[in-house]
> 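Sharing a structure, written as structure tokens. Questions coming.
Below, all heavy atoms of this structure are taken into account, side chains as well, without hydrogens, waters or symmetry copies.
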Amino acid sequence: MEHISRIKTWLGSGSINLFGLPFSGKDTQCEAIAELLDGVTFGSGAIFREQTDNKALQEIMATGALIPSDMFFDIMLPYFSKPELVGKPLVLSSIGRMKGEEHVIFRATEETGHPTKAVIYLVTPDHAVFERYRVAQQATDRGERQDDGDEDVLRNRISKFNTQTLPVIEFYREKGLLIEIDGTKDRESVTADIVRALLERAQSSYS
């Protein structure tokens, strides 16, 4: 498709970072966009869940708290320099979601040849988040994710998002990189809205 080709040309080996509340569909949309753009997707949450031997990390995640920045950087930053990622676009799921981390992640993407080209914010109200949480609990389609926890854990995650992640999103807004997308729509519509917004960015870069 011509519009996808235009986005891929504009993006090059750059990166797109997606942010949103829990259950906003970040991972789902990352996978969809990465597939369309022949990119590689990864997120800190998935990577942290793989660190099963790191008991301190797992205990923090179980409470819904954000990972301390020093621990985050030690685990996450090496991923950007992996040889298999050279020359490939990245679609990131909320990498650098704690206030203060955005500067390091922005620099890391630049230095490793994956400059941040756009940041997507899936805007989803709290009531929709809780509704999706309850549906997911009944469907058990997210596997054994201890960071989902109970509703108190979810409330804590939402609180941390509001105090720690929203300032990160504002950082990218000030840089002119932010794209806000209505995250309450169905998956296919959200994907289409993201593609349409990225195409607008790609076209404006050549105008």
Side-chain angles (χ1 to χ4, degrees), residues 1-11 14-49 64 88-97 116-162 165-166 168-170 172-173 177-204:
M1 293 180 287
E2 183 179 352
H3 63 289
I4 295 297
S5 179
R6 289 184 179 181
I7 296 172
K8 290 167 68 174
T9 298
W10 160 77
L11 180 59
S15 60
I16 299 169
N17 207 344
L18 276 77
F19 290 89
L21 284 168
F23 295 92
S24 63
K26 297 183 298 297
D27 293 341
T28 297
Q29 295 304 324
C30 280
E31 291 174 3
I33 298 303
E35 183 176 356
L36 286 171
L37 302 180
D38 296 324
V40 178
T41 182
F42 59 86
S44 55
I47 291 171
F48 293 155
R49 284 189 292 274
K88 295 183 179 180
L90 305 181
V91 183
L92 309 173
S93 181
S94 296
I95 300 293
R97 68 182 73 178
T116 303
K117 302 296 288 289
V119 171
I120 308 295
Y121 174 24
L122 301 178
V123 182
T124 313
D126 291 4
H127 69 83
V129 168
F130 278 100
E131 181 178 344
R132 290 178 179 180
Y133 165 82
R134 290 163 187 147
V135 169
Q137 290 297 102
Q138 294 174 357
T140 63
D141 61 354
R142 284 165 66 93
E144 295 296 326
R145 286 189 52 165
Q146 63 173 328
D147 55 319
D148 283 349
D150 55 24
E151 290 197 13
D152 286 338
V153 171
L154 181 57
R155 290 188 185 91
N156 189 31
R157 294 176 68 192
I158 292 173
S159 175
K160 293 297 184 184
F161 180 90
N162 291 334
T165 306
L166 284 181
V168 172
I169 291 171
E170 288 305 310
Y172 289 114
R173 188 194 305 277
L177 295 170
L178 187 66
I179 298 171
E180 294 191 12
I181 299 292
D182 182 354
T184 64
K185 298 181 180 180
D186 61 80
R187 295 178 180 182
E188 292 77 13
S189 296
V190 173
T191 301
D193 286 349
I194 293 174
V195 169
R196 188 160 39 248
L198 292 175
L199 179 60
E200 291 177 1
R201 290 294 175 103
Q203 291 174 329
S204 66

> Determine the minimum heavy-atom distance between W10 and A118, stating which atoms define it.
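Scanning both residues completely, I find the closest heavy atoms to be CH2-CB, 4.1 Å.
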> Are the side chains of Y121 and Y172 in contact, using a 4.5 Å heavy-atom criterion?
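A side-chain contact is absent here, since even the closest heavy-atom pair is not under 4.5 Å.
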> Does D38 offer a backbone N or O that forms a donor-acceptor pair with the side chain of K8 under 3.5 Å?
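Between the backbone of D38 and the side chain of K8 there is no qualifying donor-acceptor contact (under 3.5 Å).
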> Between R187 and Q29, which heavy-atom pair has the shortest distance, and what is it?
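In this case the closest contact between R187 and Q29 is O-NE2, 3.2 Å.
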> In Å, rounded to the nearest 0.5 Å, how long is the span from CZ of R155 to OH of Y133?
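These two atoms lie 9.0 Å from each other.
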> Any heavy-atom pair between the side chains of L199 and R6 that's under 4.5 Å?
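A side-chain contact exists here, since the closest heavy-atom pair is under 4.5 Å.
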> For E200, is there an ion pair with R196 - N to carboxylate O distance below 4.0 angstrom?
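Here R196 does not pair with E200 in a salt bridge, since their nearest N and O are not under 4.0 Å apart.
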> Tell me whether E35 at atom CD has more than 12 heavy atoms from other residues, nucleotides or ligands lying less than 6.0 Å away.
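Counting other residues, nucleotides and ligands, CD of E35 stays at 12 neighbours or fewer.
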> Might you work through the side chain to side chain contact (heavy atoms under 4.5 Å, CB included) test for T191 and L36, ending with a clear yes or no?
CA-CA 10 Å; T191 301; L36 286 171; 4.1 Å; yes
> Less than 4.5 Å apart, any side-chain heavy atom of D182 and any of V190?
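SC-SC contact between D182 and V190 ruled out.
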> Please step through side chain to side chain contact (heavy atoms under 4.5 Å, CB included) for the pair K160 and R97, ending with a clear verdict.
CA-CA 10 Å; K160 293 297 184 184; R97 68 182 73 178; over 6 Å; no
> Calculate, to the nearest 0.5 Å, the distance between atoms OG1 and CD1 belonging to T28 and I33 respectively.
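The CD1 atom of I33 is 11.5 Å from OG1 of T28, to the nearest 0.5 Å.
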> Looking at OG of S94 and CD1 of I169, how far apart are the two atoms once the value is rounded to the nearest 0.5 Å?
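S94 OG to I169 CD1: 8.0 Å, rounded to 0.5 Å.
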> Please tell me if the side chains of I194 and I16 come closer than 4.5 Å, counting only heavy atoms from C-beta onward.
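In short, these two side chains do not touch, never coming nearer than 4.5 Å.
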> For residues L198 and I179, determine if any side-chain heavy atom of one lies less than 4.5 Å from a side-chain heavy atom of the other.
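In contact.
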> How far apart are the closest heavy atoms of L154 and P22, and which atoms are they?
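Shortest heavy-atom separation between L154 and P22 comes out as CD1-CB, 3.7 Å.
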> With rounding to the nearest 0.5 angstrom, report the CG to CG distance, L21 to N162.
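With rounding to 0.5 Å, CG (L21) is 6.5 Å from CG (N162).
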> Are S15 and T116 packed together at the side-chain level, in the sense that at least one heavy-atom pair is separated by less than 4.5 angstrom?
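They are in contact (side-chain heavy atoms under 4.5 Å apart), so the answer is yes.
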> Please confirm whether the backbone N or O of I181 pairs with a side-chain atom of D193, one donor and one acceptor, at under 3.5 Å?
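Side chain of D193 to backbone of I181, a donor-acceptor pair under 3.5 Å: no, none is there.
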> Hey, what do you get for CD (Q137) to CZ (F130), rounding to the nearest 0.5 Å?
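CZ of F130 is found 11.5 Å from CD of Q137.
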> Within a reach of under 6.0 Å around CD of E131, are more than 12 heavy atoms found that belong to other residues, nucleotides or ligands?
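Check fails, neighbour count at 12 or below.
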> Evaluate side chain to side chain contact (heavy atoms under 4.5 Å, CB included) for I4 paired with L37, printing each intermediate quantity in order.
CA-CA 7 Å; I4 295 297; L37 302 180; 4.2 Å; yes
> What's the shortest heavy-atom distance between L92 and N17, and which atoms?
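Reported closest heavy-atom pair: O-OD1, 3.3 Å.
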> Taking K26 for the side chain and G20 for the main chain, is one N or O donor matched with an acceptor at less than 3.5 Å?
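It does hold such a pair.
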> First locate atom CZ of R201, then atom CD1 of I7, and finally report the distance between them rounded to the nearest 0.5 Å.
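Result: 12.0 Å between the selected atoms.
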> Has T41 got a side-chain atom pairing as donor or acceptor with V91's backbone, closer than 3.5 angstrom?
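Between the backbone of V91 and the side chain of T41 there is a qualifying donor-acceptor contact (under 3.5 Å).
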